[in-house]
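These notes are about the structure you will find just below.
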Amino acid sequence: MSEILSSESVSIGALMDLSGQTAVVTGGAMGIGLGIVRRLHEAGANLVIADIDEGALGKAVAEFDDASRIRTVVADVGKPEDADAMVRAAVDAFGALDILVNNAGIYQGSMFLDTSLELAQRTLAVNLLGVMLCSQAAARQMIEQGRGGRIVTVNSVEAVNPSVLGLAHYGASKHGVAGLVKTMALELAPHGIAVNTVCPGGVRTPGLAPFLDEDAIVELEKRIPKGRIAVPDDIARVVLFLSSDLASYLTGTQIVVDGGQTLRGCAV
Ligand SMILES: NC(=O)c1ccc[n+]([C@@H]2O[C@H](COP(=O)([O-])OP(=O)(O)OC[C@H]3O[C@@H](n4cnc5c(N)ncnc54)[C@H](O)[C@@H]3O)[C@@H](O)[C@H]2O)c1
């Protein structure tokens with residue numbers, strides 16, 4: 001991945017062009033992850049979609065007329081061997097890995113006093129340790145290649161302040177990610193690897209659907225300055241920016257993508 005420097009006179013198109021670069025997107029079979037896969041694919045990248053849901057992976061790939069630049073891996077981000085497997089899949093298929101998007105995450109609600117150890121451990125394993133394990137595997141490969149790379153993590157506004165009750169364990173995992181990526185940014189900078197995060201507010205995805213019916217979404221939208229809940233592409237556009245040379249001078253940063261929602265503080 002040879003970066004186009006800011007001082008050079010280049011077109012916007014060239015800055016966003018990911019042709020010849022390879023990205024792994026975790027949890028990319030649906031929701032925000034699939035939105036990210038669509039935009040990175042459109043920008044020309046080779047894609048490895050890593051997801052725990054084999055059926056959803058099949059459906060995701062089927063939506064592309066030309067899937068020749070897409071591979072899939074059934075993987076659990078919380079398992080080190082699966083993190084290694086997704087990186088290996090990228091190298092085997094496309095010869096290198098340039099971009100990792102840590103997107104996989106789970107958010108089963110439970111009030112604090114009712115939260116089981118099992119739910120808390122599973123949430124931390126996927127949301128926090130998953131980011132660590134996949135980033136380690138990806139960074140090791142990027143360092144071996146010797147030409148830098150980009151790690152973009154989909155975090156949450158819950159890493160800033162709680163937006164609803166019943167997500168203490170999730171908020172803990174996302175606060176953990178916020179801390180993890182700061183030191184990752186420092187330690188990986190000498191290797192030319194940029195580490196940035198996106199913090200979405202509410203996004204209309206299959207994962208959110210069980211928690212928010214249409215009436216609840218109407219109520220939520222009254223409190224969002226932009227007047228609507230996000231769709232996956234709202235997040236994907238920012239991930240594309242952070243994955244490209246448009247973000248040439250960014251590392252260790254966190255971009256809140258919430259339609260202004262956090263300006264109003266806790267939503268409940
Ligand atoms: N939807 C929202 O409102 C919202 C808001 C803020 C942050 N987020 C974050 O965005 C990310 C994606 O959320 P979403 O709403 O698109 O979720 P989703 O449930 O719609 O999709 C998540 C995808 O990740 C996969 N996945 C789950 N566990 C996995 C694991 N252990 N290993 C690999 N893949 C796994 C699922 O199979 C699914 O394809 C998560 O990190 C979530 O915390 C979502």
Side-chain angles (χ1 to χ4, degrees), residues 1-8 10 14-28 33 36-37 39-40 43-50 71 73 75 77-104 127-155 159 176-199 238-255:
M1 202 190 87
S2 57
E3 191 172 275
I4 301 173
L5 294 176
S6 309
S7 55
E8 295 172 26
V10 283
L15 290 173
M16 266 195 290
D17 184 6
L18 300 181
S19 302
Q21 297 193 38
T22 300
V24 169
V25 180
T26 70
I36 292 166
V37 166
R39 282 297 178 190
L40 298 189
N46 306 314
L47 267 308
V48 172
I49 313 176
R71 299 290 183 278
V73 188
V77 294
K79 295 185 177 162
E81 62 274 21
D82 287 13
D84 289 340
M86 59 184 82
V87 172
R88 213 168 38 246
V91 175
D92 288 350
F94 304 113
L97 173 63
D98 305 288
I99 299 159
L100 168 68
V101 181
N102 289 308
N103 164 78
N127 296 5
L128 175 57
L129 298 181
V131 172
M132 186 188 91
L133 294 169
C134 294
S135 299
Q136 283 178 327
R140 286 178 186 132
Q141 176 62 30
M142 289 169 184
I143 291 167
E144 194 181 315
Q145 292 167 190
R147 56 179 207 229
R150 294 210 162 90
I151 298 177
V152 183
T153 300
V154 179
N155 204 9
V177 168
L180 172 72
V181 293
K182 284 179 191 169
T183 301
M184 275 168 50
L186 284 172
E187 293 192 15
L188 298 178
H191 302 285
I193 300 171
V195 179
N196 292 294
T197 60
V198 178
C199 293
V238 182
V239 173
L240 170 61
F241 161 68
L242 290 173
S243 301
S244 77
D245 284 345
L246 283 170
S248 54
Y249 200 56
L250 271 72
T251 197
T253 202
Q254 167 179 293
I255 302 180

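Quick caveat: nothing in here was measured; it's all calculated off a predicted structure.
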Nearest non-hydrogen partners of Gly148 and Met142, listed with the distance: O-CB, 3.7 Å
Close side-chain approach of Val24 to Val73, heavy-atom, < 4.5 Å: no
Test log, rule side-chain contact (heavy atoms from CB on, under 4.5 Å), inputs Leu47 and Val25: CA-CA 7 Å; Leu47 267 308; Val25 180; 3.8 Å; yes
Min side-chain heavy-atom separation Leu100-Thr26 under 4.5 Å: yes
Closest non-hydrogen atom pair, Gly20 against Asp98: O-OD2, 4.1 Å
Closest approach of Val77 to Met86 (non-hydrogen atoms, all atoms of both residues): CG1-CE, 4.1 Å
Audit row: Val195, Thr253, side-chain contact (heavy atoms from CB on, under 4.5 Å) steps and yes/no: CA-CA 8 Å; Val195 179; Thr253 202; over 6 Å; no
Short side-chain donor-acceptor distance under 3.5 Å, Asn155 and Thr153: no
Carboxylate-amine/guanidinium contact Arg150 Asp245, below 4.0 Å: yes
Leu240 side chain near Leu18 side chain, heavy-atom distance below 4.5 Å: yes
Spacing of CZ belonging to Arg140 relative to CD belonging to Gln145, to within rounding of 0.5 Å: 14.5 Å
Any donor-acceptor pair under 3.5 Å from Ser244 side chain to Phe241 backbone: yes
Close side-chain approach of Leu242 and Val198, heavy atoms under 4.5 Å: yes
Pairwise distance CD1(Ile151) to OG(Ser243) - rounded to 0.5 angstrom: 11.0 Å
Side-chain H-bond candidate by donor/acceptor type, Asn196 with Thr251, under 3.5 Å: no
For the student: nearest non-hydrogen atoms of Gly28 and Ile49, plus distance: C-CG2, 3.3 Å
Asp84 side chain near Val87 side chain, heavy-atom distance below 4.5 Å: no
Straight-line distance of Gln141 CD to Arg88 CZ, nearest 0.5 Å: 11.0 Å
Check: Leu180 and Val131 side chains under 4.5 Å, non-hydrogen atoms: yes
Check: Ile193 and Ile143 side chains under 4.5 Å, non-hydrogen atoms: yes
Spacing of OG belonging to Ser135 relative to CG belonging to Leu129, to within rounding of 0.5 Å: 11.5 Å
Flag, side chain of Thr22 to backbone of Asn46, donor-acceptor distance under 3.5 Å: no
Any side-chain heavy-atom pair of Val152 and Thr197 under 4.5 Å: no
Contact summary for Ala138 and Leu97, nearest pair of heavy atoms: CB-CD2, 3.7 Å
Residue list, salt bridge (charged side-chain N to carboxylate O under 4.0 Å, His left out) with Arg71, at least two apart or on another chain: none
Closest approach of Ala83 to Ala137 (non-hydrogen atoms, all atoms of both residues): O-CB, 3.7 Å
